[in-house]
Amino acid sequence: MIHVKETSDKKGIAGEDAEAFIRNDQFNFIKGQTKILVNGKASSSDAEVLNVLRHLAQEKVFGLFPMLTVEQKAILKPLALVKETADAEAFLEQLSVYRLPFPKVADPGLKKLFPKAKKLKGPKLETIDFHKRSYLAWIESSTLMYLIAEKDGRLEGIPGSFNRSAKSGICAICNRHSEVGLFTAKTKNSGQDNFVKRGNYICQDNEICNSNIDTLERLHDFVERLQK
């Protein structure tokens, strides 16, 4: 495992310099709340109902961040003003400058994460927008798949196999209905010499999966089960 730390200074909605503080999954959750507000305005003209929706949306979003600063609250507060699609798009565009990138990994880092992979090619890092990633995954040699996730400030690399399914299903990581495949990894039994395979169905397209993730809980559960 590799220890990582990412910080970034930004200037945006609050009008002052502020560090990026919004992970990809949190941004996606906020995006989902803007959709709820837009749909609510389109389906109801009841001011009380709409006020409740706005209050709940802001409460949920503030709840994503255990210790919000005054500046960060000011950055998030315009959510309550979202009524139309254009409002949501403008808010999210301004919010995007505060997105935290997934820790970038160079070739030496990849080799440390997957020491047993002698011919590791790695993903095309220059094509990846790390601000829109909660995990990295790529396929090599037809069904050989590598997955990188972060937890507690550390990157963990999991090699496995990926077999595409002919049917769509629910992804174990993003919990959305999509075209999926079975990702399996070999794990050595505790205190034994034999290996067992564990896995679950995840999105075939990890870019789409990353755009759907609105909580890291299922991703962490998925990784932990593979490593047991």
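- Arg99 places a side-chain heavy atom less than 4.5 Å from the side chain of Lys132.
- Asp87 places none of its side-chain heavy atoms less than 4.5 Å from the side chain of Glu89.
- Formation of a donor-acceptor pair under 3.5 Å by the Ser44 side chain with backbone atoms of Gly40 is not found in this model.
- Placement of Phe65 and Phe62 within a single hydrophobic cluster is found when ILVMFWY residues are connected by side-chain heavy-atom separations under 4.5 Å, directly or transitively.
- For the pair Arg133 and Ile128, the minimum side-chain heavy-atom distance is below 4.5 Å.
- Here CG of Leu136 is found 7.5 Å from CG of Leu125. Values are rounded to the nearest 0.5 Å.
- Around CZ of Phe162, the count of heavy atoms belonging to other residues, nucleotides or ligands within 6.0 Å exceeds 12.
- If you run side-chain hydrogen bond (donor to acceptor under 3.5 Å, both in side chains) between Asn51 and each of His55, Arg54, Glu48, only Arg54 comes through.
- Side-chain heavy atoms closer than 4.5 Å link hydrophobic residues (I, L, V, M, F, W, Y) into clusters, and following such links, possibly through other members, connects Tyr135 to Leu216.
- For the atom pair CG (Leu79) and CG (Leu37), the distance works out to 5.5 Å, reported to the nearest 0.5 Å.
- Checked by atom type and distance alone, the side chain of Asp46 pairs as donor or acceptor with a backbone atom of Val49 at under 3.5 Å.
- Between Thr34 and Phe91, the shortest heavy-atom distance links the atoms CG2-CD2, 4.0 Å.
- Within 6.0 Å of the NZ atom in Lys121, the count of heavy atoms belonging to other residues, nucleotides or ligands does not exceed 12.
- For the pair Gln58 and Lys77, the minimum side-chain heavy-atom distance is below 4.5 Å.
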Requested in this report: Begin with the C-alpha distance, continue with both residues' side-chain angles, and end with the deciding distance and a verdict on side-chain contact (heavy atoms from CB on, under 4.5 Å) for Leu56 and Ile36.
Outcome: CA-CA 10 Å; Leu56 288 175; Ile36 290 174; over 6 Å; no
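- With contacts defined as side-chain heavy-atom distances shorter than 4.5 Å, the pair Arg164/Ile139 qualifies.
- Cluster annotation: Ile158 is not connected to Leu113 through the hydrophobic network of ILVMFWY side chains, with a link wherever side-chain heavy atoms come within less than 4.5 Å.
- Annotation: the span from Asn200 atom CG to Leu226 atom CG amounts to 8.5 Å, rounded to 0.5 Å.
- Listed for the Glu156 side chain is no donor-acceptor partner under 3.5 Å among the backbone atoms of Glu150.
- Side-chain contact check for Leu100 versus His131: every heavy-atom pair is 4.5 Å or farther apart.
- From Asp205, atom CG reaches atom CD of Glu207 across 6.0 Å, with rounding to the nearest 0.5 Å.
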Distance-only donor-acceptor hits, side chain of residues 173-184, under 3.5 Å, sequence neighbours excluded:
unit_1	atom_1	unit_2	atom_2	d
Arg176	NH1	Asn212	OD1	3.3
Thr184	OG1	Ser161	OG	2.7

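- Between Leu110 and Pro123, the closest side-chain pair of non-hydrogen atoms falls below 4.5 Å.
- Counting all heavy atoms, side chain and backbone alike, Lys41 lies closest to Lys83 at CB-O, 3.5 Å.
- When the side chains of ILVMFWY residues are joined at heavy-atom separations under 4.5 Å, either directly or via intervening members, Val38 and Leu53 end up in a single hydrophobic cluster.
- The aromatic rings of Phe21 and Tyr98 are tilted relative to each other, their planes meeting at an angle between 30° and 60°.
- The shortest non-hydrogen separation linking Val105 to Phe130 is N-CE2, 4.5 Å.
- Heavy atoms only, all atoms of each residue included: Lys118 and Pro115 are closest at NZ-O, 3.6 Å.
- Tyr146 is not connected to Ile202 by any chain of hydrophobic side-chain contacts under 4.5 Å among Ile, Leu, Val, Met, Phe, Trp and Tyr, and they are in different clusters.
- No side-chain N or O of Gln72 forms a donor-acceptor pair with one of Glu19 less than 3.5 Å apart.
- Note that CZ of Phe222 and SG of Cys171 are 8.0 Å apart. Values are rounded to the nearest 0.5 Å.
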Acceptor/donor pairs from residues 25-33 side chains to any protein atom, 3.5 angstrom cut, sequence neighbours excluded:
unit_1	atom_1	unit_2	atom_2	d
Asp25	OD1	Arg23	NE	2.8
Asp25	OD2	Arg23	NH2	3.0
Gln26	OE1	Arg23	N	2.9
Gln26	NE2	Leu64	O	3.4
Asn28	ND2	Asn24	O	3.4
Asn28	ND2	Asn210	O	2.9
Asn28	ND2	Ser211	O	3.3
Asn28	ND2	Ile213	O	2.8

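- With contacts defined as side-chain heavy-atom distances shorter than 4.5 Å, the pair Phe102/Ser134 does not qualify.
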Requested in this report: Before giving the answer on side-chain contact (heavy atoms from CB on, under 4.5 Å), spell out for Val196 and Arg198 the whole-Å C-alpha distance, their side-chain angles and the decisive distance to 0.1 Å.
Outcome: CA-CA 7 Å; Val196 295; Arg198 292 189 174 91; 3.3 Å; yes
